[in-house]
Amino acid sequence: MSTAAGTRLTLPELPLTAWEETKETLHRWVQVVGKVRLASTAPRNHWWHVPLYVDVRGLTTRRMHSPGGVGFEIDFDLIDHRLVIATNGGAVESFELVDGLSVAEFDRKLHSTLGRLGIDVAIRETPYRLPTETPFPADREHAAYDRDAVERFWRILDWTDEVFEEFAGWYCGKTSPVHLFWHSLDLAVTRFRGQRAPDMPNASPVDREAYSHEVISFGFWPGDDKVREPTYYSYTAPEPPDLRQQPLHPNDASWTDYGTSLLALLPYEAVRTATNPRAALLAFLESAYEAGAVAAGWDQAELASSWCPPPAELSELLGQGGQLDGSVTI
């Protein structure tokens with residue numbers, strides 16, 4: 001199962017401190033666009049109508065519909081560094097993503113463009129679950145944009161998306177798309193057991209919808225104020241007893257308390273510098289899945305797809321700690 005996500009790819013470095021100001025700006029830009037998507041797309045279970053997606057040039061909302069029925073999409077073109085708005089009537093407008101473009105000006109330009117095209121929608125103009133709550137139209141603090149760092153971030157997302165898609169194919173139960181949630185700027189894919197989770201009366205409406213069923217989720221995010229480096233993660237919800245006692249692979253993976261959750265974490269740098277990055281990441285994903293599935297009592301054999309490697313090959317993947325050579329067919 002050799003893919004372009006395989007052994008000889010050189011993944012870029014992305015230390016958080018080197019581009020943190022840019023990441024904070026980009027995160028808010030993505031939230032503005034994500035909220036347009038939220039307002040322009042019919043609701044789906046688990047908020048699947050909200051995320052963005054990795055595409056061949058950056059990030060995309062995919063198709064949305066204006067209140068008047070016009071189909072349109074918004075793309076972050078991270079090769080030419082432009083925000084592109086296109087409609088099903090053939091109209092295409094864009095503006096440059098550049099250092100010095102504040103969140104306030106980005107918000108103004110986007111709504112102005114949408115207005116000219118007759119497809120603007122009202123959004124809640126405040127950041128969601130970010131440390132600062134300055135409304136987007138007033139945020140002139142966040143205006144940094146390092147083109148090279150943003151492109152490296154997208155290249156990592158592009159590669160990770162492919163590995164996540166491969167891993168998703170190993171499971172025949174309900175599985176989310178691979179998508180980018182803009183609340184924490186994380187690329188994620190989620191497996192569902194097929195059973196409803198216990199009610200969460202004290203949770204927010206967002207969390208009650210997101211975790212209405214038992215899940216094991218996997219993702220990547222560029223780091224934040226608690227985890228100070230780009231990192232792959234996994235969690236099981238509801239969190240079963242003895243999850244922390246389950247093994248993880250490769251050796252750099254560990255269990256970490258994050259707020260009220262227990263996360264399996266693997267630093268991106270450990271994947272980037274591995275002999276076989278793809279195998280290292282797949283080993284982490286599979287070990288985190290097995291950890292949650294064993295602790296929560298999921299029927300792994302019943303939920304494995306016909307594309308899932310046989311148990312012997314999975315054992316070899318985990319036993320080698322993700323350091324398989326490119327000749328192994330998995």
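This one's a predicted model, so the numbers in the text were calculated from it and none came from an experiment. Start at 1 with the first residue, then count along the sequence. Hydrogens, waters and symmetry mates are skipped; everything else that's a heavy atom, side chains included, is used.
Ring orientation note: the planes of Phe192 and His213 are nearly perpendicular, at an angle over 60° on the 30°/60° scale. Relative ring orientation between His46 and Trp48 is described as tilted, the plane-to-plane angle lying within the 30° to 60° band.
Judged by distance alone, the side chains of Thr132 and Arg28 do bring a donor and an acceptor atom under 3.5 Å apart. There is a side-chain donor-acceptor pair under 3.5 Å between Ser94 and Arg82.
The closest side-chain heavy-atom distance from Ile74 to Leu110 is below 4.5 Å. In this structure, Glu125 and His111 have side chains that are in contact, with non-hydrogen atoms separated by less than 4.5 Å. Inter-residue side-chain proximity for Leu157 and Asp161 is flagged as unmet; no heavy-atom pair is nearer than 4.5 Å. Side-chain contact between Tyr268 and Phe220 is present, with heavy atoms from C-beta onward closer than 4.5 Å. The side-chain heavy atoms of Asp224 and Ser184, taken from C-beta on, include no pair separated by under 4.5 Å. Looking at Pro198 and Pro238, their side chains come closer than 4.5 Å, going by heavy atoms from C-beta outward. For the pair Val92/Val84, a side-chain contact is recorded, criterion being any heavy-atom separation below 4.5 Å from C-beta on. When side chains are defined from C-beta on, Asp75 does not count as touching Leu59, because their heavy atoms never get closer than 4.5 Å.
Formation of a donor-acceptor pair under 3.5 Å by the Asp186 side chain with backbone atoms of Ala188 is not found in this model. Judged by distance alone, with hydrogens and angles left aside, the side-chain atoms of Arg152 form a donor-acceptor pair with the main-chain N or O of Glu13 at under 3.5 Å. Formation of a donor-acceptor pair under 3.5 Å by the Ser102 side chain with backbone atoms of His142 is not found in this model. Using modelled atom types, no side-chain atom of His249 and backbone atom of Ala283 make a donor-acceptor pair closer than 3.5 Å. The main-chain N or O of Asp146 is found under 3.5 Å from a side-chain atom of Thr22 such that the two form a donor-acceptor pair.
For the ring pair (Phe, Tyr, Trp, His ring centres under 6.0 Å) with Trp29, the qualifying choice from Tyr145, Trp182, Phe76 is Tyr145, the only one to do so.
Two rings, from Trp307 and Tyr171, have their centers 6.0 Å or more apart. A centroid separation of 6.0 Å or more is found between the aromatic rings of Phe218 and Tyr232. Phe106 has its ring centre less than 6.0 Å from the ring centre of Phe95.
A cation-pi arrangement is absent between Lys35 and Tyr128, since the terminal nitrogen or guanidinium carbon is not both under 6.0 Å from the aromatic centre and inside a 45° cone about the axis.
The pair Asp55-Arg62 does not count as a salt bridge, with every side-chain nitrogen at least 4.0 angstrom from each carboxylate oxygen. The existence of a salt bridge linking Asp257 and Arg244 is confirmed by a sub-4.0 Å separation between a basic side-chain nitrogen and an acidic carboxylate oxygen. Electrostatic pairing of Glu20 and Lys23 does not count as a salt bridge here, judged by no charged N lying under 4.0 Å from a carboxylate O.
Follow the hydrophobic side-chain contacts under 4.5 Å out from Leu248 and you never reach Val271; the two are in separate clusters.
Scored by the side-chain contact (heavy atoms from CB on, under 4.5 Å) test, Leu117 finds Ile85, Thr87, Ala91, Glu93, Thr113, Ile119 as partners (sequence neighbours excluded).
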